[in-house]
Structure formats: structure tokens, C-alpha cells
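Structure first, then comments.
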Amino acid sequence: MESLVFSAVRKKIAEWGEDAEVSVSLEIPRQESHGDFSTNAAMQLAGRLGKKSRAVAEEIVSALREEDRRGRFASLSIAGPGFINIVLSEEFWREVLTVALEKGPRFGASKVGEGKTVHVEFVSANPTGPLHVGHGRGAAVGDALARILEFTGHKVVREYYINDVGNQMDNLGRSLFSRYRVLCGRSADLPEDGYRGEYMIELARDFRVEVGDRYADVPEEEALPVFRKEAGDRILRGIRDDLASFRVTYDRWFAERDLHDRGLVAAALADLRERGQLYETDGATYFRSQALGDEKDRVLIRADGRTTYFAADVAYHRHKLREGFSRLIDIWGADHHGYVPRLRAALRGLGEDENRLKVLLVQFVTLIREGKAVQMSTRSGEFTTLREVLDEVGVDAARFFYLLRSFHTHLDFDLTLAKTQSRNNPVYYIQYVHARICSVFREAEAQGKALNGHPPLSLLVFPEEVRLMKAVARFPDVVSECAKTLEPHRIPFYLLEVSDLFHAFYHQHRFLGESPERTQARLALALGVKTVVASGLSMIGVTAPDRM
RNA sequence: GCGCCUGUAGCUCAGGUGGAUAGAGCAGCUGCCUUCUAAGCAGCUGGCCGCACGUUCGAGUCGUGCCAGGCGCGCCA
């Protein structure tokens, strides 16, 4: 559709013998009265040709008229400084609606990603405590992107990287041991930087129910391996359950431990060493990251011989690239942004194409309740968990609110608004469209007017009807735009637009009670709307209810 | 000090590769339910797009410099 007009304009440019370097754009004007499409071609070309832009526009318009053998252009006009405004025939939009009805749930699906494999790593919170609201945003964004990429033909692997190695796990084990000892009636102090959240006490209680006081008097160093593992495993299980409740599932859970056990960290280090990227100072092994764009060189092996977290991460990304993914997408919290340059440096140091890696930094979330920010602090264990938010506002509202904002900006998550089951809540506004259409279909069925055969779409002539057809037709472009920019928030915004148009139509016109032909045509239109709404909602992981 | 993100209506935010009169929700004010779901519709009020230069036919959008907020700058993960 767009491409049709575009190529026609392009062709004219070529006929003039101009180099095609001129940047000509074709866009959907903000103002409805400026047509369905608009191009600035004449203004771009006028300077080059040394002619008046309106004169150039005249020539392009007449050329377009010749080109248009199938009568797709309802009108072509020149406006302002030389814009060419194009109005497509209503027949054109009916054709697109027909396509939407034929394709159903596959409408908007594409093959742009065919043959491409994408690895999406997201959340990957350390297994030291339950997921909080910030993780929820990463989960919503990562999952939505995965769904969008799949819909556009990519082969997607979703992965959770588990940081189950390092000081923090010892700390976690000690914290659990301490809580456990207290429950057993022994005295015990929490470690200095121990995890002091309420959940640790619950974990200790659960564990004690299973093993009794067996470890109560075992020396800490001896008990530690057991407690470290128990704590990590149990917390990870909780994370997995929370994510499942949030409708987020993974294809793989990748443990950092495995990288070490399989020798992948050593292999990555050896690789870098061979490429001359390492050197030693003060007993530690450094990576020459500064020369590759980082602000300074980074330690990979500490003076005491242990590898750093960064070393494992280098190995992890090297491993993923070697699996052959066309593209790696890492979704991180904004607090990790300083880490990006060193990781890119690592890829370059390994001789890999750093452009295969895309890191998306998701900005922070502030919970708002009754107009005031809810304070959070992971250290003291006082934070709002994802679970609590889900219990309070529900999965649909939570996912929707997380995705309603571009992840580049801070998110104020208004719990009070998300929770209201009223007209104020935009989730319901959209879901209501779906429920209303289903209701209409039920009623049509009951009256023996169900949709069948080939509805006479030529009866769709009212402005509200044409606007809806255009909105439905835009869906494939919205989806592919999301896949290109990796910006899922465009989906909810599109859905809100469609919903606006539908509710306006619904209020002004009736589906049933018109002539049988008109009823058929409008039911077809409703089905088209239902299709894109259901499809769009599924893209962001929100349900499309049949009734509300 | 350096780096990343952000600055648009009272509040929260949209504004495809620069385009024509800058949009939505909330909040506030008016109207509309004997008709397929009022979780809805129609309307009103509300703007120096942080500030200043620059690029050009044309800037919320691009560049530079300020100002403000958030987040980072470990042989932690």
C-alpha cells in the first residue's frame, strides 16, 4: 500500500534523470484533511532542478495520474509550499479489510525476520531475593519484544541468565543459615551485608520444616554449601513462579555456574590472550578495553586468582555469538549502562561484530500510590515485589502499564489508577472494545444475522467506518515498526487509537437493526477491528475478554 | 569531573527517516442510558515543546553550549 505510492513517486524522480540521492519522504499527515499520504518530493527536488516547487509538484501529480491505472487515488492535490496530498479511494481500504479478514490472527504477521534468529535475554535478576517492580518492567518489555519479533518471522530464544556464582551467593547462604539457627533456638547474627528481608525468614522456616534441626550445630563453613544451594534454588523457583504468573516464560535458564564448569570462561580468556588483549599488573590480569572504546582497562582475573563477574559475562556473550544468533538483545536496568562500553569492547577484542549485540536500557520505575511515591530499598528488604503488584492490580493492568511508556523514560507506575476498574483505566478501555464486539456477535447470532459469505463492504461509507478501516489497515505497519525500533510501547498507543475510533463508531451507528446487507458489512468491519485488537493485545501479553 | 537516559498542558506521557493549525489520558467544568455492554459518547478549559545560539524553504524532532532531574563511574554482581 504505502510502497505502491512510494514506488510511483520514485519512478517519476528517475524519469527526470535525477540521482536518487534526494531524500524523499512519504508520510501519513497529522491532519486528516491533508490526505491519507503526503509527500515532500516536489520541495526536495525543486532546488536541484532550479524550478518552483509548486511547478514540480504539478508535474509529479500529472505523472502519478498516468501511473494510476487501477484508480487507487481518489484525489491528488498540491498544498502549502508544495506538498502533494494523496487521498486513496475507499475501495482501496476495503481491499485491505478483506485481507485482514482472510488472514485473521495472521494479519500483520510478516516474514521480515525470516531466517533470522534472535536471542533475547531479560530480567536475569540475581537469585538473592524476589523480583520487585523494576524487574517487572524488564519482564514486560522483554516478553513483548520477543512476541513481536516472533510475529514478524524471527526465530526467538528467550533466556534468563542466572548469576549463581560469587560473593553474593555466599552471603545469601550465610544469611539463610543465620535465620535458620535462630529458628532452632541458637544465637546467630546476620552477616554484615546480609539479606535481611522478611522472605529470608520464610525460607528458613520452610527449610527447617523439611530438615528439622539437623544443621543447627554444624559449623557454618561446613553447612554453607547446603544453605547456599537451598537459598538460591528456592529463590529461583519463586522467581520462576512469579514470572509464570506474569505470563512470562523462558526457553532457557542459563546458569553462570555452567560457564565455569564447562570451561567456557577459561576458553574465552585464552581466546583474548591469543589475540593479545590481556596483560598482567599487580598480579591481576587485565583486558585492554580502553583501546577498544571503554574508559579504562578491566580486570578479568583478580590477584587471588578468581575470575570477575565481567570475565564470566564475556564468556557468556562469546558463547551466545558462537551459537550463531543473528542478533543478541540484552535488556538491562538503567543502572548497568556504564557496563555497555566494556562489553562492546570485549566483543571487538574477540574479533566479533559488536553490532550483533543490542543492549536496551530500561529506566527505573517509581510506584505511585494515592499520588505519592512508594519508597523502596533492596538493602533493608523493604521493597514492593512484582508479586504484590500483580496481586493488587492484576496481570493485564500491570503488563499494560509497564508497556504504556517508552522504556527510555522513567516510569511512574500509578497503582491507584491501575487498580481502578473504572473508565479511567485505559486497559479496560481497550478490552472493552473486544468484549463489546463479542457481545454484538452473540446478539447477531441470536437474531440469526451472523456474518456469512462475502459481506458487501462497499456499504462502508460513513466517515467513522472509513476511519476504522484505515486504522485496521495500519496494524501491519505498526507491528513492523515495533520490530524495527524495538519499541513495544507503540502497540498500546495504537490500540488506544483504534479503541477511540471504535467507541465513537459504536455510539453513532448500530450493527444490528440496519438492512441485512449493511449489518453484514458492519459485522465484517467489527471482525476486522476485533482481529487487530486481539492480536495487538496478545503482542503485549494482555488478555482479550469475550465479556466484561 | 566524565558518561547514559530524560525535560512537551496542573499531573503522567505520545509525537516512524525534519514538514503544514503540537496530541492523548488523568484532574476540572457541561451535556447524553426505554435501543447491539454508560468499563461508553459528545463538548469546554488548559501550551514561550527547559533556555540560547546554529543548520534550511521549514526544527518538538538534527548540531553545539548552558540549566534541571534520574542513574552510573570497584580486583561487587
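Labels below follow one simple rule: chain letters A, B, ... track the order of the sequence lines, proteins then strands, and each chain is numbered from 1. Quick caveat: nothing in here was measured; it's all calculated off a predicted structure.
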Self-check item: N/O (side chain, A:His489) to phosphate O (OP1/OP2, B:rG15) under 4.0 Å
Solution: yes
Self-check item: Selected nucleotide, minimal atom distance to A:Arg510 side chain, candidates B:rC36, B:rA77, B:rC13
Solution: B:rC36
Quiz prompt | Ring centres under 6.0 angstrom apart (A:Tyr316, A:Tyr161) | solution = yes
Quiz item: Would the A:Tyr402 and A:Phe407 ring centres measure less than 6.0 Å apart?
Solution: no
Quiz item: So A:Tyr309 and A:Tyr339, would you call those rings parallel, tilted or perpendicular, with 30° and 60° as cut-offs?
Solution: tilted
Self-check item: C1' spacing across the pair B:rU8 / B:rA14, given as an integer number of angstrom
Solution: 10 Å
Quiz item: According to a strict under-4.0 Å criterion, is A:Arg436 in side-chain N/O contact with OP1 or OP2 of B:rA38?
Solution: yes
Quiz prompt | Shortest side-chain distance from A:Asn167, nucleotide among B:rA20, B:rA77, B:rG72 | solution = B:rA77
Self-check item: Below 4.0 Å: OP1/OP2 of B:rA14 and any side-chain N or O of A:Thr409
Solution: yes
Self-check item: For atom CZ of A:Phe413 and atom P of B:rC13, their distance in whole Å
Solution: 13 Å
Practice problem: In whole angstrom, give me the gap between the P atoms of B:rG7 and B:rG15. | Solution: 10 Å
Quiz prompt | Nearest to side-chain heavy atoms of A:His410, which nucleotide of B:rU12, B:rA20, B:rG70 | solution = B:rG70
Quiz item: Planes under 30° and centres closer than 5.5 Å, is that true for A:His34 with the base of B:rA20?
Solution: yes
Quiz item: Do the side-chain N and O atoms of A:Asn167 and A:Arg306 include a donor-acceptor pair separated by under 3.5 angstrom?
Solution: yes
Exercise. Output yes when at least one side-chain N/O atom of A:Arg342 is less than 4.0 Å from OP1 or OP2 of B:rG72, else no.
Key: no
Self-check item: side-chain N/O A:Arg522 vs B:rC36 OP1/OP2, d < 4.0 Å
Solution: no
Practice problem: Please state the C1' separation for the pair B:rC62 and B:rU21 - nearest whole angstrom. | Solution: 23 Å
Practice problem: Compute the centroid of each ring, for A:His509 and then for A:Phe462, and state whether the two points are separated by less than 6.0 Å. | Solution: yes
Quiz prompt | A:Arg490 side-chain N/O to B:rA14 phosphate OP1/OP2 under 4.0 Å | solution = no
Practice problem: For the residue pair A:Phe493 and A:His489, categorise the inter-ring angle as parallel (less than 30°), tilted (30 to 60°) or perpendicular (more than 60°). | Solution: perpendicular
Quiz item: Is B:rA9 paired to anything, Watson-Crick or G-U wobble with both distances less than 3.5 Å, and if yes, which nucleotide?
Solution: none
Quiz item: Is A:Tyr494 near enough to B:rG15 that one of its side-chain N or O atoms lies under 4.0 angstrom from OP1 or OP2?
Solution: no
Quiz prompt | Whole angstrom value for the distance that separates P of B:rA24 from CG of A:Leu496 | solution = 12 Å
Self-check item: Donor-acceptor pair under 3.5 Å, A:Asn40 side chain vs B:rG19 base
Solution: yes
Quiz prompt | Interatomic distance, A:Gln447 CD vs B:rC36 C1' [rounded to whole Å] | solution = 7 Å
Self-check item: C1' atoms of B:rA9 and B:rG23, separation to the nearest Å
Solution: 11 Å
Quiz item: Which of residues 285-294 of chain A have a heavy atom under 4.0 Å from RNA chain B?
Solution: A:Tyr286
Quiz item: Is any side-chain N or O of A:Ser406 under 3.5 Å from a base N or O of B:rA14, one able to act as donor and the other as acceptor?
Solution: no
Self-check item: Pairs involving residues 287-296 of chain A, ordered by first then second residue, that meet side-chain hydrogen bond (donor to acceptor under 3.5 Å, both in side chains) (sequence neighbours left out)
Solution: A:Asp294-A:Arg298
Quiz item: Atom NE2 of A:His503 and atom P of B:rG25: how far apart are they, to the nearest Å?
Solution: 12 Å
Self-check item: Integer-rounded Å distance: B:rA22 C1' and A:Glu27 CD
Solution: 14 Å
Quiz item: Under the 3.5 Å rule, do the base of B:rA20 and the side chain of A:Asn85 count as making a donor-acceptor pair?
Solution: yes
Practice problem: State yes or no: are the ring centers of A:Tyr428 and A:Phe400 separated by less than 6.0 Å? | Solution: no
